Q: 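This is the structure I have questions about; it appears just below.
Computed from a predicted structure; not experimentally measured.
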Amino acid sequence: KAIGFAEIPRGSHNTTAHPTKPFVYNSDSDLAGAPGEIEIWSIKNPAKPKKVGEMVVPGHSPHDISFNKRGTKAVTAAVSHIDIIDTKNPAEPQLMFTTQCPGCSITHDAKFTPNGKTVVVGDEGGGGGGYPCPGGALYFYSVEGGAALVLRGIYEPNEVIFARDGQTVPQACTSHVFDISKDGKHIAISWYSAGTRYL
């Protein structure tokens, strides 16, 4: 059952819990509002969540936020860019690095591998509209110097997927949601119309 409630004026697309401390980061994914922001909430008393701060971010508000295993860094997928954030003090996050994957349409999802050495980013090409394969790739970055992302590889389905039910135009070929195995060696990923892949 729900035991607490927090009202957020800009809305909530995702909330991400810090892995070791009682904090929650809110992604509002507000495309119209500027500047973007991350709201930081303490859930030390989960019956009464308390907003303890906010972090202004360049461009769009994050679409999704993920922490590394220790909670010392976070990575955001923010439609127009990717951010690496220092979260050693989760109440006062600090921006460390910003970039964008080459050719990304909508940076949708970003996650650290369990060892924290790699970040995987998904491109929701076209936002769920028509987006023919190849497209909507996964981008693989090594984390260099503690914060900088260096592109190491790209994966995308290379076959053309056509719409079902007798339609003859390419359907949405775009990565949407993925999960990384605990050993960091495999990814389960769903594309809108290119099926579910195990990489």
Q: Please identify each residue that fulfils ring pair (Phe, Tyr, Trp, His ring centres under 6.0 Å) with His18, with sequence neighbours left out.
A: Phe67
Q: If every non-hydrogen atom of Leu95 is compared with every non-hydrogen atom of Met55, which pair is closest and at what distance?
A: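 In this case the closest contact between Leu95 and Met55 is N-CE, 3.3 Å.
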Q: For Thr72, does its backbone N or O pair with a side-chain atom of Thr87 as donor and acceptor, under 3.5 Å?
A: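 Answer holds: yes.
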Q: Taking Phe178's backbone N and O only, do any of them form a donor-acceptor pair with Lys111's side chain (distance below 3.5 Å, no angle check)?
A: yes
Q: Any chance you could lay out the side-chain contact (heavy atoms from CB on, under 4.5 Å) test for Val177 and His108, step after step, and finish with the verdict?
A: CA-CA 8 Å; Val177 177; His108 175 272; 4.1 Å; yes
Q: Would you say Thr107's side chain and Ala77's backbone share a donor-acceptor pair under 3.5 angstrom?
A: no
Q: Minimum heavy-atom separation for Asn14 and His63, please, with both atom names.
A: ND2-O, 3.9 Å
Q: For the pair Ser190 (side chain) and Thr196 (backbone), establish whether a donor and an acceptor sit closer than 3.5 Å, ignoring hydrogens and angles.
A: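 Side chain of Ser190 to backbone of Thr196, a donor-acceptor pair under 3.5 Å: no, none is there.
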Q: Rounded to the nearest 0.5 Å, how far does CG of Asn45 lie from NZ of Lys48?
A: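 Between Lys48 NZ and Asn45 CG, I get 6.5 Å after rounding to 0.5 Å.
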Q: List the steps, then state whether side-chain contact (heavy atoms from CB on, under 4.5 Å) holds for Ser175 with Tyr155.
A: CA-CA 10 Å; Ser175 58; Tyr155 175 83; over 6 Å; no
Q: How close do Pro114 and Lys182 get, heavy atom to heavy atom, and via which atoms?
A: CG-O, 3.2 Å
Q: For the CD1 atom of Ile40 and the CZ atom of Phe23, what is their distance to the nearest 0.5 Å?
A: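 If I round to the nearest 0.5 Å, the distance is 9.0 Å.
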Q: Any side-chain to backbone donor/acceptor pair from Asp86 onto Lys88? Under 3.5 Å, distance only.
A: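 Such a contact is found between Asp86 side chain and Lys88 backbone.
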Q: Any chance CZ of Arg152 has more than 12 other-residue heavy atoms, nucleotides or ligands included, within less than 6.0 Å?
A: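 Atom CZ in Arg152 is packed in, count exceeds 12.
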Q: Hydrophobic clustering (ILVMFWY, side-chain heavy atoms < 4.5 Å, transitive) - are Tyr141 and Val143 grouped together?
A: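 Val143 and Tyr141: one cluster.
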Q: Taking Asp123's backbone N and O only, do any of them form a donor-acceptor pair with Thr174's side chain (distance below 3.5 Å, no angle check)?
A: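 A pair under 3.5 Å: yes.
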Q: My understanding is that only residues two or more places apart in sequence, or in another chain, count here; which of them pass side chain to side chain contact (heavy atoms under 4.5 Å, CB included) with Thr76?
A: Ile38, Pro62, Ile65, Ala78, Asp83, Ile85
Q: Evaluate the side-chain proximity of Phe140 to Ile187: yes if any heavy-atom separation is below 4.5 Å, no if none is.
A: yes
Q: Please give me the minimum heavy-atom distance between Thr15 and Ser12, naming the atom from each residue.
A: CG2-OG, 3.5 Å
Q: Determine whether more than 12 heavy atoms belonging to other residues, nucleotides or ligands lie under 6.0 Å from atom NZ of Lys51.
A: yes
Q: Does a side-chain heavy-atom distance below 4.5 Å link Asp109 with Val121?
A: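 They are not in side-chain contact.
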Q: Ring centres of His81 and His60 under 6.0 Å apart?
A: no
Q: Hey, does the side chain of Tyr139 reach the backbone of Val119 with a donor-acceptor pair shorter than 3.5 angstrom?
A: no
Q: Walk me through it: do Asp28 and Ser61 pass the test side chain to side chain donor-acceptor pair (under 3.5 Å)?
A: CA-CA 6 Å; Asp28 59 53; Ser61 290; 2.9 Å; yes
Q: Should Lys185 and Asp183 count as an ion pair when the cut-off is N to O under 4.0 Å?
A: no
Q: Check ring pair (Phe, Tyr, Trp, His ring centres under 6.0 Å) between Tyr198 and all other residues, then give those that pass, not counting sequence neighbours.
A: His186
Q: Let me confirm one number: the CD1-CG distance from Ile8 to Asn26, rounded to the nearest 0.5 Å.
A: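 These two atoms lie 3.5 Å from each other.
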Q: Closest approach of Pro49 and Phe5, non-hydrogen atoms and distance?
A: CD-O, 3.7 Å
Q: Is there a side-chain contact (heavy atoms from CB on, under 4.5 Å) between Leu149 and Thr99? Walk through the geometry before answering.
A: CA-CA 8 Å; Leu149 297 181; Thr99 189; 4.2 Å; yes
Q: Evaluate the side chain to side chain donor-acceptor pair (under 3.5 Å) criterion for residues Glu124 and Ser105: first the C-alpha distance (whole Å), next the side-chain angles of each, then the deciding distance (0.1 Å), finally the verdict.
A: CA-CA 7 Å; Glu124 188 189 14; Ser105 167; over 6 Å; no
Q: Determine whether Ser27 and Asp64 satisfy the following criterion, side chain to side chain donor-acceptor pair (under 3.5 Å), listing intermediate values before the conclusion.
A: CA-CA 6 Å; Ser27 313; Asp64 293 286; 5.8 Å; no
Q: Begin from the C-alpha positions of Phe112 and Thr118 and carry the test side-chain contact (heavy atoms from CB on, under 4.5 Å) through to its verdict.
A: CA-CA 6 Å; Phe112 288 96; Thr118 301; over 6 Å; no
Q: Side chain of Trp191, backbone of Gly136: donor and acceptor closer than 3.5 Å?
A: yes
Q: Tell me whether Glu144 contacts the main-chain N or O of Val150 through its side chain, where contact means a donor paired with an acceptor under 3.5 Å.
A: no
Q: Is a donor on one side and an acceptor on the other found under 3.5 Å between the side chain of Ser66 and the backbone of Ala110?
A: yes
Q: Could you grab the distance from atom OG of Ser29 to atom CZ of Arg10, nearest 0.5 Å is fine?
A: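 The CZ atom of Arg10 is 10.0 Å from OG of Ser29, to the nearest 0.5 Å.
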Q: Measure the shortest side-chain to side-chain distance between Leu138 and Leu199 over non-hydrogen atoms and say whether it is less than 4.5 angstrom.
A: yes
